[in-house]
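For reference, the structure is listed below as structure tokens.
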Number of protein chains: 2
Amino acid sequence: MIRTVPALKENSVKDNNDMPGHLARRFQQIAVAVFLAEVGDAGFDLTPVQYAALATIKANPGLDQVTLAGLIAYDRTTITGVIDRLVQKDLIERRASPRDRRARELEITDEGRRALRKITPAVESAQRIMLRGLSAKEGEELMRLLRKAIAAGNELSRAPLRE
Amino acid sequence: MIRTVPALKENSVKDNNDMPGHLARRFQQIAVAVFLAEVGDAGFDLTPVQYAALATIKANPGLDQVTLAGLIAYDRTTITGVIDRLVQKDLIERRASPRDRRARELEITDEGRRALRKITPAVESAQRIMLRGLSAKEGEELMRLLRKAIAAGNELSRAPLRE
DNA sequence: TACTGATAGTCAGCATACTGATCAATATCG
DNA sequence: CGATATTGATCAGTATGCTGACTATCAGTA
């Protein structure tokens, strides 16, 4: 096939599929949808962010909000609302720290522990589903590359990971 | 080293870094931050979503909102606000379609064209920066794996890609 | 101890994203 | 033709995520 007119303009605009930023958004979009579907099917109403916060609070009892934010790379202004909703659902407790009156200590409740236990299979299932197009080896490689890119860019967002 | 007590509970909770969903969120978070920083340094106030919409409207003059949404995998309810803001900035025009009175035809303005031209280097720079931790080969492999995972999960989100 | 800077948390404001609903217009089929 | 279904767009409501500002508190130092 011979084109009489070369498509100059079109070639100068990169395809979305060549843009890592676009691919990042798409993959995250699917990941969230899968998470909500699996967790919803299991009878729970918990977002990915709420789950990550809940699991991290359980693993680090009594931590404050800034530390929590650092451990899961959230902005501290985002954490406030997430915590509010977890408290609302009686999954965690927020109380003033005796050592630092600015800080709030976070603790998982029994109900939070129960929810976390029951929800775990759905979360693991979701992680599998979002990689279902890849072989096990490819899935591992994708995660390795993501970890590497993230490590190099950690300081570039307002909410870097802090250990 | 001998552990007297096996850490059963802790081991049952997967590390965030083993969760593709968490890695997806982190990578996207960094990608957006880098995009906004680069584009902002270039003197423009445009989000990744607005950029993608603008570029797609330029490449497909006169398309309607649902088609645009499909081409970049947005939810149609999200598009409304994005279009509002692009119109507000005089980068595009939205007018009623003569063929289908439900639909709106979208067209880039001269100012939109100018902005797109001037902003392109910053966008390309952003794509490089978000992969700066990876070799060229690794960057290609990451994009290939993301494309593959996305293709397999396309129908799982409310806003799949439509060609 | 008083001043200064840093820190924990919250808030207002804005921009994605989604669910589910509604309205108007178009398509389809009996 | 007319009833029905579908489609394009919008809206209300909710939940991230961010910027920038603010208060209260704490820490270090002159």
Side-chain angles (χ1 to χ4, degrees), chain A residues 21-22 24-26 28-37 40 45-53 63-70 72-89 94-106 156-160 162, chain B residues 21 24-26 28-37 39-40 45-53 63-70 72-89 94-106 156-160 162:
Chain A
H22 175 78
R25 187 183 66 82
R26 283 287 287 135
Q28 218 260 330
Q29 181 182 47
I30 291 166
V32 171
V34 169
F35 184 100
L36 293 177
D45 176 31
L46 216 64
T47 66
V49 174
Q50 289 167 16
Y51 170 80
L63 85 173
D64 65 296
Q65 295 184 194
V66 165
T67 305
L68 170 61
I72 47 188
Y74 291 5
D75 194 281
R76 71 188 193 286
T77 63
T78 305
I79 279 285
T80 302
V82 175
I83 296 294
D84 281 347
R85 287 179 279 276
L86 287 174
V87 169
Q88 180 88 30
K89 294 177 187 177
R94 166 167 48 184
R95 43 170 202 271
S97 164
R99 286 184 306 277
D100 184 339
R101 285 191 303 170
R102 292 170 304 181
R104 314 300 172 88
E105 286 185 352
L106 305 173
L156 300 179
S157 83
R158 178 165 132 159
R162 299 278 178 232
Chain B
R25 187 183 66 82
R26 282 287 288 135
Q28 219 259 333
Q29 180 182 46
I30 291 166
V32 171
V34 168
F35 184 101
L36 292 177
V39 169
D45 177 30
L46 216 64
T47 66
V49 173
Q50 289 167 16
Y51 170 80
L63 84 174
D64 64 296
Q65 295 185 191
V66 165
T67 305
L68 170 61
I72 47 188
Y74 291 7
D75 194 280
R76 70 189 191 287
T77 63
T78 304
I79 278 286
T80 302
V82 175
I83 296 295
D84 281 347
R85 286 178 282 277
L86 287 174
V87 169
Q88 179 89 29
K89 294 178 187 177
R94 167 168 47 186
R95 44 171 200 270
S97 164
R99 285 184 306 278
D100 185 338
R101 285 191 302 171
R102 292 169 302 180
R104 313 301 172 87
E105 286 185 352
L106 305 173
L156 300 179
S157 82
R158 178 167 134 162
R162 299 277 178 234

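Sequence lines set the chain letters: A, B, ... in the order given, protein chains first and strands last, and positions in each chain run from 1.
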Under 3.5 Å, side-chain donor or acceptor atoms of residues 76-86 of chain B against the rest of the protein: list the pairs with distances, not counting sequence neighbours.
| from | atom 1 | to | atom 2 | distance (Å) |
| --- | --- | --- | --- | --- |
| B:Thr77 | OG1 | B:Asp75 | OD1 | 2.7 |
| B:Asp84 | OD1 | B:Arg94 | NH2 | 2.5 |
| B:Arg85 | NH2 | B:Gly81 | O | 3.4 |

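- Atom OH in A:Tyr74 sits roughly 12 Å away from atom C1' in D:dA15 (whole-Å rounding).
- Regarding A:Asp75, its CG atom lies at a distance of 13 Å from the P atom of C:dA8, rounded to whole Å.
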Produce a footprint string for nucleotides 3-13 of chain D: one letter per nucleotide, 5' end first; B if the base is under 4.0 Å from any protein heavy atom, S if only the sugar-phosphate is, - if neither. ----BSBBB--
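- Summary of the strand contacts: B:Pro98 and B:Gln50 both lie near DNA chain C, and taking for each the nucleotide with the nearest heavy atom, the more 5' one is attributed to B:Gln50.
- Rounded to whole angstrom, the span from the CZ atom of B:Phe35 across to the P atom of D:dC18 amounts to 16 Å.
- Within the 4.5 Å cutoff, side-chain heavy atoms of A:Pro48 are placed close to those of A:Leu36.
- Nucleic acid contact class of A:Val82 (heavy atoms, under 4.0 Å, all strands): sugar-phosphate only.
- The distance between atom CZ of A:Arg162 and atom P of C:dA8, rounded to the nearest whole Å, is 12 Å.
- With sequence neighbours excluded, the residues satisfying salt bridge (Lys or Arg N to Asp or Glu O under 4.0 Å) with B:Arg99 are B:Glu105.
- Summarising the geometry, the separation between CZ on B:Arg25 and P on C:dC18 is reported as 16 Å, rounded to the nearest angstrom.
- In terms of the side chain to side chain donor-acceptor pair (under 3.5 Å) criterion, residue partners of A:Thr67 (sequence neighbours excluded) are, by chain and number, A:Asp64.
- Protein atom CD of B:Gln29 is 16 Å distant from nucleotide atom C1' of C:dA15, rounded to whole Å.
- In terms of phosphate contacts, A:Arg85 brings a side-chain nitrogen or oxygen within less than 4.0 Å of OP1 or OP2 of D:dT16.
- Atoms CD1 (B:Ile72) and P (C:dT16) sit 11 Å apart, rounded to a whole Å.
- For B:Thr47, a side-chain nitrogen or oxygen approaches OP1 or OP2 of C:dT16 to under 4.0 Å.
- Every residue meeting the side chain to side chain donor-acceptor pair (under 3.5 Å) condition with B:Arg26, not counting sequence neighbours, appears here in chain and number order: A:Asn154, B:Gln29.
- Annotation: side chain to side chain donor-acceptor pair (under 3.5 Å) contacts of B:Arg101 (sequence neighbours excluded): none.
- The interatomic distance linking B:Arg101 (CZ) with C:dC23 (P) rounds to 18 Å, in whole Å.
- Of all nucleotides present, only C:dT1 satisfies the Watson-Crick or G-U wobble test against D:dA30, with each distance under 3.5 Å.
- Contact annotation: the side chain of B:Arg25 approaches that of A:Tyr74 to within less than 4.5 Å [non-hydrogen atoms, C-beta and beyond].
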